[in-house]
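Since we're looking at a predicted model, the values are computed, not measured.
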There are 2 protein chains.
Amino acid sequence: MELAQKYQALLHEAQRRQLPDVAGIRLCFQTLSLASAIDRDCAALLAPHSLSEGRFVLLFLLDAASEGLAPNALAEQAGVTRATVTGLLDGLEREALIERQADASDRRALHIRLTLKGKQVAKQVFDQHGRWIAGLFGNLSAPERQQLATLLDKVALNLDATQSGRPE
Amino acid sequence: MELAQKYQALLHEAQRRQLPDVAGIRLCFQTLSLASAIDRDCAALLAPHSLSEGRFVLLFLLDAASEGLAPNALAEQAGVTRATVTGLLDGLEREALIERQADASDRRALHIRLTLKGKQVAKQVFDQHGRWIAGLFGNLSAPERQQLATLLDKVALNLDATQSGRPE
DNA sequence: CACATATAATTAGCCGCCATACTATATGGC
DNA sequence: GCCATATAGTATGGCGGCTAATTATATGTG
């Protein structure tokens, strides 16, 4: 695997300094590089539709909610702040994929719905995205996948443990 | 492992729709979630020193170059654009960790060096960072680490293959 | 030497994330 | 009903990534 350039530079230096556990550093950088590569690949897939990952997530959530959703519900489900949702919705509205409608029972609130165009793009993109993501681990056997999932879980567990133990 | 909120929402919906290969989707989200968690953990470690990951990388590279480095060299090694380096250096300069000096032989160019404060912070942070990163995979056995590395490499290989095969 | 081209560092604008503040509105207790 | 508090969506500014443009400088060719 080719590590992202910054990780190559850092790793090269870690080796030069003969830091302990260079292999652990390398493993970390492998994980991060792979994640970056996946993100980059995903972005390339979404860009022709004028979508970013953030916009894609909102599109997906809205497609699943026939009655529309309020921005704060979108924020909750997407795991970002309301402020961020405003910007993402601005982009989607600019592309005529969504429309903002007033809420009848709460003058502060909005309902966000997909336009017809939005629904069409959604259908197209989800199909494409689904096929792409299904192929990501396509060269791993079922046992290998299980193995990978278990190992990732184990690392995440360690991360959670060290994080909660941090005296901050 | 607890997936990032947006992935939980997407996965929930993928399950609801009975998409094929939900396990593959889940595996992808596990990888991305772990990477995000590592990034977040790293950011928490660096923040008390007024450093972000980007700044840390530059600090590290500069610490390794006793004669200083030019911004374009930093950009190359860090794998970002010169424009991005300018912003990062601005931040580091603001914190008095670096100084910009004119290059005697090329009026367009600069030399970037660590200040004394910069060297001290660097020493402290690298020590801390090294211990942190060494502990990341601390709960994996040596064979498990090897396994994880191999699996990550394999996925990355697949990603590279599908990417170069893309007719763009 | 003149000039076309390339390069260095920075600026400006876009994007997506955050936190904070703001304006308008809703809620609940007294 | 009044008022303190909370909430909805947005604006603003910071940050770090990008691209393209800019100004100053360097290079190479004829």
**Item:** A:D39 CG to D:dC18 P, straight-line distance once rounded to whole Å
**Value:** 14 Å
**Message:** Please determine whether a side-chain nitrogen or oxygen atom of A:T86 lies at a distance below 4.0 Å from atom OP1 or OP2 of D:dG9.
**Reply:** no
**Complete:** Closest to the 5' end of DNA chain D, once B:G87 and A:A83 are matched to their nearest nucleotides, is A:A83
**Request:** For the residue pair A:H49 and A:E95, confirm or rule out a side-chain donor-acceptor distance under 3.5 Å.
**Result:** no
**Fill in**
Sorted by chain and number, sequence neighbours left out, ring pair (Phe, Tyr, Trp, His ring centres under 6.0 Å) with A:H111 holds for none
**Fill in**
Note: for A:R82 and B:A73 on DNA chain C, the residue whose nearest nucleotide lies more 5' is B:A73
**Asked** Does B:T84 have a side-chain nitrogen or oxygen under 4.0 Å from the phosphate oxygens OP1 or OP2 of D:dG16?
**Response** no
**Message:** Just so I know, are the side chains of A:L34 and B:L159 near enough to count as touching, which here means a heavy-atom distance under 4.5 Å?
**Reply:** yes
**Item:** Spacing of B:R55 atom CZ relative to D:dG17 atom P, expressed in whole Å
**Value:** 10 Å
**Any N/O donor-acceptor pair, B:R107 side-chain to D:dA24 base, under 3.5 Å** = no
**Prompt:** Nearest-Å distance, CG (A:L89) to C1' (C:dG16)?
**Reply:** 13 Å
**Request:** Return no unless some side-chain N or O of A:R94 is found under 4.0 Å from OP1 or OP2 of C:dC15.
**Result:** yes
**Request:** Indicate whether OP1 or OP2 belonging to C:dG16 is found under 4.0 Å from a side-chain N or O atom of A:S52.
**Result:** yes
**Prompt:** Looking at A:F137, is B:R26 sitting on its ring face, NZ or CZ under 6.0 Å from the six-membered ring centre and within 45 degrees of the normal?
**Reply:** no
**Prompt:** Which of these passes side chain to side chain contact (heavy atoms under 4.5 Å, CB included) with B:D127: B:K123, B:H129, B:R131?
**Reply:** B:R131
**Item:** Out of D:dT10, D:dG17, C:dA19, whichever nucleotide has its closest atom nearest the side chain of A:T81
**Value:** C:dA19
**Request:** Remember a base hit wins even if backbone is also touched, and classify A:L88 as base, sugar-phosphate or nothing at under 4.0 Å, heavy atoms.
**Result:** sugar-phosphate
**Request:** Calculate the interatomic distance between B:E53 atom CD and C:dC17 atom P; express it in whole Å.
**Result:** 17 Å
**Prompt:** In whole Å, what is the span from the CG atom of A:L58 to the P atom of C:dC15?
**Reply:** 15 Å
**Item:** Nearest-angstrom distance from the residue atom CZ of A:R100 to C1' of D:dT10
**Value:** 9 Å
**Fill in**
From CG of A:L32 across to P of D:dG17 the rounded distance in Å is 14 Å
**Prompt:** Between A:K6 and A:N72, which has a closest nucleotide on DNA chain D that is more 5'?
**Reply:** A:N72
**Request:** Could you state the atom-to-atom distance from CG of A:D103 to P of D:dT10 in whole Å?
**Result:** 13 Å
**Item:** Nearest-nucleotide 5' precedence on DNA chain C, A:D106 against A:G79
**Value:** A:G79
**Message:** Let's test your reading of the model: under 3.5 Å, does the base of D:dG9 pair with the side chain of A:R108 as donor and acceptor?
**Reply:** no
